[in-house]
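Here the structure is a predicted model, which means the values were calculated and not measured.
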Amino acid sequence: MTGLSIEEVRVAAERILDEVERAVVGKREALELVLLGLLADGHVLIEDFPGLAKTLIARSFAQTASMRFARIQFTPDLMPSDVTGSSIFNQRESEFEFRPGPIFANLLLGDEINRAPPKTQAALLEAMQERQVTIEGVTHLLEPPFIVLATQNPIEYEGTYPLPEAQLDRFLLRIGVGYPERQDEWLVLERRLERTRDEVVLEPIVDGPRLIELQRALEQVHVSEPIGLYMVDLVAATRASARLQVGASPRGTLALLKLSRAKAALLGRDYVTPEDVKAVAVPALAHRLTLRPELWVQRIRGEDVVREALDSVPTPKAEDVVRPTA
């Protein structure tokens, strides 16, 4: 079977974004970043205050992607087995049988993930990285695609637990949503009045197998050596920053690669430009950085360090980025 073209990826992506925007108003940039994560086969962390449509965004993409969907509400008393499943003794058969947990889905919404203690958060680690779950020594594979869309409240918010660094690093990107503009917020109210009910029912645009085809099509997007070295230099600049205890790992460089290819495809291009890299650098890298403790009181954030790297690392020349002609 012939793979999809980059133009077909662009058209499908536009249709998905347009459909999701029926439910989530005025947040096209944030929605595009979430879609880049889905196309790059990566997990997405949506971080912001309550009431800013984080859960609605995840549910809307689940509807438009028409995949097996599960939702876990993370709470302080949630156990790891509540996420992964457990073995239950079957008295009739006189043996233990595995009862899969909600993690056995294609698209998993982890709602308010930082309200659960670290032990339960860690239950997601193997699944997010290896696409499998090991219960009592038995490994259970997760059916592709498997993507986690997690939401969290800022760690300053009362009753939350900071995510472990190892888990943060497994999210391909982290985004914020922010408050809507005045006119957008009125449009939310206007649409609610028009449909006379709270729920917004979205049409499915793609299904699981189609999403996998879209993901594979990104392999056609060319990355020149100067662009690849530009990504490497950006990540190296975070490691050299005096503001940080720990810079981004090579997993951060791979995140730049995957997301910049998805960004290029979304724009209908089969090659990556420096602008693609710059567009995804902050969401791809900022959450992977560990600031020096004394800088927290100065309100310095990982986003600021990434922007400093973007300002300091030289941008490749235009003639070094295009796909070579045959």
(request) For residues 245-256, pull every pair meeting side chain to side chain donor-acceptor pair (under 3.5 Å), keeping only residues two or more places apart or in separate chains. (result) D169-S249, D169-R251
Apart from [X] itself, what residues make up its hydrophobic cluster when side-chain heavy atoms of I, L, V, M, F, W and Y under 4.5 Å apart count as a link, directly or indirectly?
X    : answer
V188 : V25, L187
V200 : L202
I212 : none

(request) Consider only side-chain heavy atoms of I, L, V, M, F, W and Y, link residues closer than 4.5 Å, and tell whether L310 and I175 are in one cluster. (result) yes
(request) Establish whether V282 and V232 are linked, either directly or via other cluster members, by ILVMFWY side-chain heavy-atom contacts under 4.5 Å. (result) no
Short question: side chain of [X], backbone of [Y] - any donor-acceptor pair under 3.5 Å?
X    : Y    : answer
E19  : T64  : no
R261 : E219 : yes
R288 : G302 : no
T84  : P80  : yes
E8   : S5   : yes

(message) Testing the 3.5 Å rule here: is there a donor-acceptor pair between the side chains of K278 and S260?
(response) no
(request) Return yes if a side-chain donor-acceptor contact under 3.5 Å exists between Q73 and E112, otherwise no. (result) yes
Where [X] and [Y] come nearest, the two heavy atoms and their spacing:
X    : Y    : result
P316 : I227 : CG-CD1, 4.1 Å
A105 : F146 : O-CD1, 3.2 Å
L142 : A127 : CD1-CB, 3.7 Å

Return all side-chain donor-acceptor pairs below 3.5 angstrom for residues 116-124, not counting sequence neighbours, or 'none' if the list is empty.
| from | atom 1 | to | atom 2 | distance (Å) |
| --- | --- | --- | --- | --- |
| T120 | OG1 | L78 | O | 2.5 |
| Q121 | NE2 | I113 | O | 3.3 |
| Q121 | NE2 | A116 | O | 2.7 |

(message) Run E303 and R174 through salt bridge (Lys or Arg N to Asp or Glu O under 4.0 Å) and show every step you take.
(response) CA-CA 11 Å; E303 289 85 343; R174 181 186 65 181; 3.1 Å; yes
Once salt bridge (Lys or Arg N to Asp or Glu O under 4.0 Å) is applied, do any residues pair with [X], and if so which ones, sequence neighbours excluded?
X    : value
R216 : none
E143 : R68
E14  : R28

(request) Answer yes or no: is there a side-chain heavy-atom contact under 4.5 Å between V246 and L289? (result) no
Sequence neighbours excluded, which residues qualify as side-chain contact (heavy atoms from CB on, under 4.5 Å) partners of [X]?
X    : answer
T134 : E126, Q132, T139
K54  : I46, D48, T151, N153, V177
D304 : I300, R301, R307

(request) Could you grab the distance from atom CG of L266 to atom CD1 of I16, nearest 0.5 Å is fine? (result) 9.5 Å
Any salt bridge linking [X] with [Y]? Criterion: basic side-chain nitrogen under 4.0 Å from a carboxylate oxygen.
X    : Y   : value
R99  : E97 : yes
R131 : D41 : yes
E203 : R22 : no

(message) Considering only residues two or more places apart or on different chains, which pairs with a residue in residues 99-133 satisfy ring pair (Phe, Tyr, Trp, His ring centres under 6.0 Å)?
(response) F98-F104
(request) Pick out which of P145, P204, P209 makes a side chain to side chain contact (heavy atoms under 4.5 Å, CB included) with M67. (result) P145
(message) Which residue in the set L173, L172, N114, L168 passes side chain to side chain contact (heavy atoms under 4.5 Å, CB included) when paired with L45?
(response) L168
(request) Using the ring of Y271 (Phe, Tyr or Trp, six-membered ring only), decide whether R269 places NZ or CZ under 6.0 Å from its centre and within 45 degrees of its axis. (result) yes
